[in-house]
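One structure is given here, and the rest of the page talks about it.
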Number of protein chains: 2
Amino acid sequence: MARAESTKGQTRIQREKTEQILEAALEVFSKYGFRGSTIDQIAGQSGLSKPNILYYFDGKEAIHAVLLGRLLDTWLEPLEHMSDSDTPIDEICAYVKRKLEMARDFPRESRLFANEILQGAPRILSELQGPLKTLTDEKTSLIQSWVDAGKIAPVAPYHLLFSIWATTQHYADFDVQVHAVLGDCKEDCFETAQAHLDHMFRATLRPET
Amino acid sequence: MARAESTKGQTRIQREKTEQILEAALEVFSKYGFRGSTIDQIAGQSGLSKPNILYYFDGKEAIHAVLLGRLLDTWLEPLEHMSDSDTPIDEICAYVKRKLEMARDFPRESRLFANEILQGAPRILSELQGPLKTLTDEKTSLIQSWVDAGKIAPVAPYHLLFSIWATTQHYADFDVQVHAVLGDCKEDCFETAQAHLDHMFRATLRPET
DNA sequence: CATAGTTTTGACCATATGGTCAGGAAACCC
DNA sequence: GGGTTTCCTGACCATATGGTCAAAACTATG
């Protein structure tokens with residue numbers, strides 16, 4: 001009997017196959033959403049048979065749950081890194097840069113998340129109201145303290161975060177639209193985006209002197 | 001035989017029922033995506049029977065197609081309104097405001113669009129590469145001319161548009177996340193957002209003197 | 001109200017999909 | 001090599017879902 005949860009006491013095969021399935025599932029779920037994806041698709045993508053997949057996971061939901069579970073940690077990590085600093089504008093812009101790099105390097109994760117939220121976050125609403133809210137509350141306080149100290153312009157901290165999330169993840173989530181409009185540009189696109197966002201948030205945060 | 005396409009030569013009943021179905025379908029599709037929605041759900045939402053819905057539309061795809069078709073016009077209209085002006089910053093900020101109001105007043109339309117793009121825009125890619133690209137090319141030229149004339153700061157026009165789309169639609173598409181983080185605020189949320197975005201884009205566009 | 005046309009429905013069909021299971025194939029251990 | 005455990009599969013099942021159809025119900029009109 002497999003159905004491993006933690007990475008404890010797993011055989012080599014269990015670890016490999018589990019990973020293989022999750023990799024394929026990420027590919028599929030991020031492309032078609034939860035309901036739009038089938039176990040057969042995941043089977044095809046991973047090169048395993050459907051029953052074999054169900055040998056390692058308790059069902060479609062379970063695979064999705066594992067992916068979402070891992071995701072939130074990864075997703076929140078850059079924000080956790082943002083901490084007090086003498087140069088808060090640099091600190092925030094570093095966060096923006098990091099977030100944009102994640103959109104470039106992990107577009108599937110971004111889309112998986114976007115799909116979930118778009119459809120009302122039925123499976124991770126509690127995570128949003130828990131860990132996510134806690135962390136954002138903490139960081140908005142930090143931002144507010146910078147505002148109060150006159151180190152950055154008086155912005156609405158929550159909405160600043162929303163703007164950062166929206167603008168960076170846009171390049172992953174709306175990738176098709178971006179490329180339809182831009183023609184094609186590949187990596188160039190992210191460099192230009194990085195410059196643009198850096199300009200935008202620096203301008204937004206620069207205190208009036 | 002019904003299956004009306006244009007609004008020409010339709011009976012009252014045909015017009016009413018067609019509208020009723022589209023309204024219900026928008027509700028359902030925007031909430032669950034195309035594959036996640038069933039004709040039965042649309043039937044339930046509209047109070048009609050499934051066969052009755054299929055009497056008016058050639059199938060699930062057809063309903064979705066009509067919704068998407070209508071959508072793009074509505075969606076592009078605010079951008080079309082942006083035209084040359086002595087005060088380009090005001091012009092752009094008016095566009096931002098308009099776009100945010102649409103996110104507030106038509107969140108279902110926004111999510112329908114987002115769902116479609118997220119999943120690779122299989123049904124409207126050509127629309128993106130056609131009308132959308134044409135319009136954005138036109139408007140980025142306009143923005144570029146403002147840059148060249150020194151009326152606004154030197155921003156990358158395409159990325160400016162992306163930022164506007166991303167930040168405004170975020171309030172519709174990621175509504176669940178916004179409210180999870182913010183607790184609750186209702187209309188207040190949009191007012192604060194409006195102020196924030198206005199500040200942000202004015203700062204971004206203000207030419208260095 | 002009779003008739004022609006339109007609208008609506010219950011019953012039905014074909015396929016897709018999530019999931020199960022008994023038994024066969026590999027891998028592991030002695 | 002033999003036995004035990006783990007891994008894998010073909011065949012199968014139940015349900016959901018998109019879609020059809022003949023006939024009933026309704027509407028409009030002479």
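Below, read A as the first sequence line, B as the second, and so on, with proteins coming before strands; counting in each chain starts at 1.
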(message) Between the base of dG19(C) and the side chain of Lys60(A), is there a donor and acceptor pair under 3.5 angstrom?
(response) no
Expressed as a whole number of angstroms, how long is the span from [X]:[atom1] to [N]:[atom2]?
{"X": "Leu54(A)", "N": "dC7(D)", "atom1": "CG", "atom2": "C1'", "answer": "14 Å"}
{"X": "Gln41(A)", "N": "dG18(C)", "atom1": "CD", "atom2": "C1'", "answer": "13 Å"}
{"X": "Arg12(A)", "N": "dC28(C)", "atom1": "CZ", "atom2": "C1'", "answer": "11 Å"}
{"X": "Phe34(B)", "N": "dT17(D)", "atom1": "CZ", "atom2": "P", "answer": "13 Å"}
{"X": "Ile53(A)", "N": "dC8(D)", "atom1": "CD1", "atom2": "P", "answer": "11 Å"}
{"X": "Leu48(B)", "N": "dG10(C)", "atom1": "CG", "atom2": "C1'", "answer": "16 Å"}
{"X": "Glu16(A)", "N": "dA26(C)", "atom1": "CD", "atom2": "C1'", "answer": "14 Å"}
{"X": "Lys50(A)", "N": "dA16(C)", "atom1": "NZ", "atom2": "P", "answer": "12 Å"}

(message) Looking at Lys133(B), I want to see if its NZ is surrounded by more than 12 non-hydrogen atoms of other residues, nucleotides or ligands under 6.0 Å.
(response) yes
(message) Ring of Phe34(B), cation from Arg123(B) - is the NZ or CZ under 6.0 Å from the centre and inside 45° of the axis?
(response)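 Cation-pi check for Arg123(B) and Phe34(B): passes.
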Does [X] put a side-chain nitrogen or oxygen below 4.0 Å from OP1 or OP2 of [N]?
{"X": "Ser49(A)", "N": "dT9(D)", "result": "yes"}
{"X": "Tyr55(B)", "N": "dT7(C)", "result": "yes"}
{"X": "Tyr56(A)", "N": "dC8(D)", "result": "yes"}
{"X": "Gln14(B)", "N": "dT7(C)", "result": "yes"}
{"X": "Asn52(B)", "N": "dT7(C)", "result": "no"}

Please pick, from [options], the nucleotide with the shortest atom-to-atom distance to any side-chain atom of [X].
{"X": "Ile39(B)", "options": "dT7(C), dC7(D), dG19(D)", "value": "dG19(D)"}
{"X": "Thr38(A)", "options": "dG18(D), dC28(C), dG18(C)", "value": "dG18(C)"}
{"X": "Arg35(B)", "options": "dG18(C), dT17(C), dC7(D)", "value": "dT17(C)"}
{"X": "Pro51(B)", "options": "dC21(D), dT8(C), dT7(C)", "value": "dC21(D)"}

(request) Look at all strands and tell whether Lys17(B) reaches a base, only sugar-phosphate, or nothing, counting heavy atoms closer than 4.0 Å. (result)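 Touches sugar-phosphate only.
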(message) Check for me whether the distance between the ring centres of Tyr95(B) and His81(B) falls short of 6.0 Å.
(response) no
(request) May I ask you to check whether His199(B) and Thr204(A) show a side-chain donor-acceptor distance below 3.5 Å? (result)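 Side chains of His199(B) and Thr204(A): no pair found under 3.5 Å.
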(message) Strictly distance-based, threshold 3.5 Å: is any side-chain N or O of Lys139(B) a donor or acceptor partner for the main-chain N or O of Glu80(B)?
(response)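 The answer is yes, because a donor-acceptor pair under 3.5 Å joins these two groups.
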